[in-house]
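To keep things clear, I will list the structure first and then write my remarks on it.
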Amino acid sequence: MPVCSRMVSIMKVISEAIGIFVFLIGAIFLISWEFHSSFLIGSFSKFLPLTPDIAIAVLFLGAALWLLRETTQKKWIRNLGKAFSLPVIILGLFYFTVQIFGWSLPADQLFFHWLVGGSAVVHPGRMFLYKAFIFILFGVAILFLDAETRRGMRPAQTFSVLGGFISMLIIIGQIHKMAYLNYGSEVFAFTSIHVAIIFFILSFGILFVHPERGFFRILVINSFTGKLARIFFPITFIVPLTVGWLVEYGKNQGLYNPGFSISLETVIYVVALFLVVMAGVNFVKKQEEEKFKSDIILLKNEGKYHDLINVMDEGLIVQDEKGVISFINNRGGELLGYKPEELIGESVTILFDKENQKIYREQMVKRRKGEHGSYEITGLRKDGLKINATVSPTPLFDEKGNFIGSMAVFTDITSRKKSEIEREQFFNFFNLSSDMMVIADPNGAFKMVNPACLKILGYSEADLLAKPFIDFVYPDDKQATIDEMARQIKIGSSLNFENRYVCKDGRVLWLSWIATYDKNKGITYATARDITRQKQVDSELKNERFISGIIMDTFPGTFAMIRQKGGTPRWNKNLEIVTGYTGEEISTMTNEQALEWFYTKDNAPKVIEAMQKTFSEGSVQLEVEHLINRGRSHSTYLFNAARIELDKELYLVVWGLDISKIKKAEADIKKEKEKVELLAKDLEKFKLAVDSESDHVMITDKDGAILYVNKAGEEITGYMAKEIIGKNAGDLWGGNMSKEYYEKLWAVIDHMQKKPFVGEIINHRKNGQSYTAEIRIAPVLDESGNVQFFVGVERDITKLKEAEQMKTDFISFASHQLRTPLTAIRWNTEMLRDTKLGELTVEQKKYLSEIENGEKRMADLIKSLLNISRLEAQKIKIEPKPTDIASLISSVVSEFTPVTNTRNCVILFNKPSQPSTLIDVDPVLLKQVILNLLNNAIHYSKPRKCKVEISFKEIGGHCQIDVVDEGIGIPSEAQSRVFSKFFRAENAIKVSTEGIGLGLYIVKLIIETSGGKVWFESTEGKGSVFHVAIPISGMKRVAGEKELSI
Amino acid sequence: MPKALNKVLIVEDEEALLAVLAKKFTIEKFKVFEASNGQAGLEQALRHHPDIILLDILMPVMDGMTVLKKLRQDSWGKSVPIIMLTNLSDEKKEAEAAKEGCYDYFIKADWNIDDLVKKVRSKLKQ
């Protein structure tokens, strides 16, 4: 029966409070003893103060009580509390011993001598017995506070009650002022009332620790009985006390004598007891009657209950407090596989294995406590099978509240458990699967989707369930999906179908579906796997295959994969093309056939060896003649072979490249190399030659940086080759000429004409000395006509120049010297002719003429010599100007007028009718030429037949002047020398001893220097024709220094 | 008052030529001054201020080119017409003389004295 928990908790709180209170009392008195405080000791003079030993005992007991309150869980605290009882017990035992053996020691002073000192008040009498009892009782109560017998009795309560009664005795005694006891001859003084009160209170404190246990329980039972107890117990205290006091009071008041008071008290007690007993008996009688009534009803119902019990679907088992089965219904027996009667009297534990027995025991503990609560347990059937059961127990207690057993209803939940497990497994499967699992309704919407769906597609569950699933399918696949669904519905069986779904983030995934259509329910169960990666891989694989196919087919060489055991499982198109065998032939050819088809007999061993080497060493390279075009011809091939293992078989992969062209190229290169080497040798020789050359030879790049200079160059310029190489001539020995000179130079060799430049230049050597050089710089052009190098040759002509200069100077000087006397002669003869100085005779005039002639011849000779020297030195300027040839000829002809008159000659000039174009000629020089020719023509004409014709015409890109005479002509043996210096033919000399033989020489010099031609035809005795041809483009301009002396 | 005779200075180291020239010019009614070397010629020129000078080149003491240069430095001398009369046919010399401002450059061997006189006369008329 349950307790009134409120009361119980209140009592426990009171117990704690008492503990603290008592502890404090003890502490205060102890401290006051310690400090000899007169306050407590003195002011309570009315009360007898607590002796120190009592104070200590009280302190300890109070502390212990508080420490041992129910809420204290820690074992060491509880033990400490219990330990506090020990000193008290020891003290009690000591007092008891002292009392028994009659030692007359003021034990309290003995012990607390240091406390008491001498100022203490010694209490009369020896209260040892009381103290002994009290200390021992209470101490032991504290020590065994937690102890509880099997029957549920608590020793602590017993001891404390005893202690309480003793204290009550003292209290009542003190109230009645009869606190003395005679024992033998001794008078035992009891302790003061307040000590007894403290201990009385303490006894309650201990009692209230566990009011729901022990005998005290009855007082707190939440039932009528408990109420009854709560009413009666106080009465048992109060009534006697009250009656006792009343009677005593009456006695003291003199109402009656002592003898009467005793009889009165006795009668009152009898009456009271009688009343109490009667009430109790009546109460019990009522209970019995009630029970009887309910028993009847119970019996009546028992039958029903009995039937109910035996038809109910659950098992009902009743066990006693020992766990022995006292009853089990049919169903229960059935569930466990026993006949009910077999189980009666058996222990419940036979129904469980070791593990579940433990569970059962734990549950029993709960039952004993009165706890209900269903639980699951696995039982053992008679046949050894396990049965999962839910047990709903009800503990049974007798009126006393003793546990007498329990009654339990149990149901078989095995199948339920199984299906629960299955359900759990299924849900785990559903939720944990990494494949999508869906349930779709006939309307095409998802009814259920597993977490994998959410993960893979990215939508939330709400998203997926909201729309028909077709909405999530990739647009291109929608129709196919719908068709498949329709087909599936018709067939009703599973299908494997691939389509694309659009994820929430827009990605498109390939899914492979396996679905089952349940016709009855119209529901589709489907699972899908994300095969996007696979698809990717597949297409990558396809691509790879495609690409490797392309690689193989576009490889310019041959490829073949040869199985060691024989056969060629793979090859490229080129192999077929090159060898001339078809794909079929290659696919079926054996290795021997391959050897025969592809290689000559001589090479076969080499090939076999190479193949074997590859199989053993892993890779090999081989150059060999490969038969092509079905063996009709062959070509040099370079093979690279490697060994590979595939599916535990060995293969060779062979790549072959036609290297016949390369080989040829190699041979060509070798030849070229040899040529180059030869060239190099020649170059060496050439270099030697150039080095020994006395002219400065130089090669520069297109910008004029010197790449090579020969020894002579070093000597002439005074710089060393290493100073020269890389620099421009202008930085070293050049740069002395005018800007125009260099501009012209570069224009000729590069910018404008890309032609050789020939000229004279003044350079200076390293030591500063200047020198004149004749230079020839020629550009070397590449195929596109761009300048690659310049080759320059310089000849130091300083000495030459000096010599020339000396020659010129000499000639100048000589001619000057020769001329001066001639001038004297001329002028003096002129003076002689001057009539102002007198007349001359005819004969004198004749002689004068001879002098004049002689002078003239001399002067002409000197002039010619001067001209020749200049012409030979190429010093004569040729300055072509646009000249009208006709008028030039006319003017020359007219100059001959006096001569022609004298000699009776006729010079016919066939002037062309149209005015001719002007031609660039140097008029002075041309005049001289014409003059000399006409002079000869006239001079060598026959005396009577003197006719000279001069004409000119344009012919063959030239302007040709012809002079025809009918003179003495030139003998054939003399014709070759006619243009020579000082040459006069024999017949010419005969005609006149005049003439120096320079005329034609000068003509030739002039004409040929200016770029023209001169030639003649002549017959001795008949006449001569002299031709002078000048290019229409004109005479060559020559810079020159001097003019012709005319 | 008869017109003053044109003064002509002839500088020539060849005695024969100098004499002939002097005679001819005298006959042709010129006032003739003579010098047989450059130095004397220069002095004469500066003293007498002739109207025209016939100057030889190759001369001792001072050659004709130097005389020409020196004359041209003189305030009067810089404008007097000078004819180089020489047998030195040297273009270089000719160019140099022309640079210094001579009027003409004649090769004696090529010229009659008559033509010389005519040339001088025509120059003086200018």
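Convention: sequence-line order gives letters A, B, ...; per-chain numbering from 1.
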Task: Criterion side chain to side chain contact (heavy atoms under 4.5 Å, CB included) on A:Thr823 and B:Glu14, from CA distance to verdict - done: CA-CA 10 Å; A:Thr823 312; B:Glu14 275 286 335; over 6 Å; no
- [ ] Tell me, with the steps shown, if B:Asn87 and A:Gln817 meet side chain to side chain contact (heavy atoms under 4.5 Å, CB included).
- [x] CA-CA 8 Å; B:Asn87 268 327; A:Gln817 293 303 96; over 6 Å; no
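Only the side chain of A:Leu866 comes within less than 4.5 Å of a heavy atom of chain B; its backbone N, CA, C and O stay farther away. With a 4.5 Å cut-off on non-hydrogen atoms, B:Glu12 does not touch chain A at all.
Counting non-hydrogen atoms of other residues, nucleotides and ligands closer than 6.0 Å to NZ of B:Lys123 gives a total above 12. The number of heavy atoms from other shown groups lying within 6.0 Å of NZ (B:Lys69) is above 12. Counted within 6.0 Å of CZ on A:Arg833, heavy atoms from surrounding residues, nucleotides or ligands total more than 12; the atom is thus considered enclosed. Counting heavy-atom neighbours within 6.0 Å of A:Tyr741 OH, excluding the residue itself, gives a total above 12. Residue-environment remark: NZ (A:Lys744) stays at or below the threshold of 12 foreign heavy atoms within 6.0 Å.
Of all heavy-atom pairs between A:Glu830 and B:Asp114, the closest is OE2-N, 2.7 Å. Between B:Trp111 and A:Trp827 the shortest heavy-atom distance is O-NE1, 2.7 Å.
Considering only heavy atoms from C-beta on, A:Met831 comes within 4.5 Å of B:Ile27 through its side chain. With contacts defined as side-chain heavy-atom distances shorter than 4.5 Å, the pair B:Ile113/A:Arg826 does not qualify. For the pair A:Arg819/B:Lys108, no side-chain contact is recorded, criterion being any heavy-atom separation below 4.5 Å from C-beta on.
Of all the listed residues (B:Leu116, B:Leu21, B:Ile107), the one sharing the greatest number of non-hydrogen pairs under 4.5 Å with chain A is B:Leu21.
In this structure, OG1 on A:Thr820 lies 9.0 Å from CG on B:Leu88, to the nearest 0.5 angstrom.
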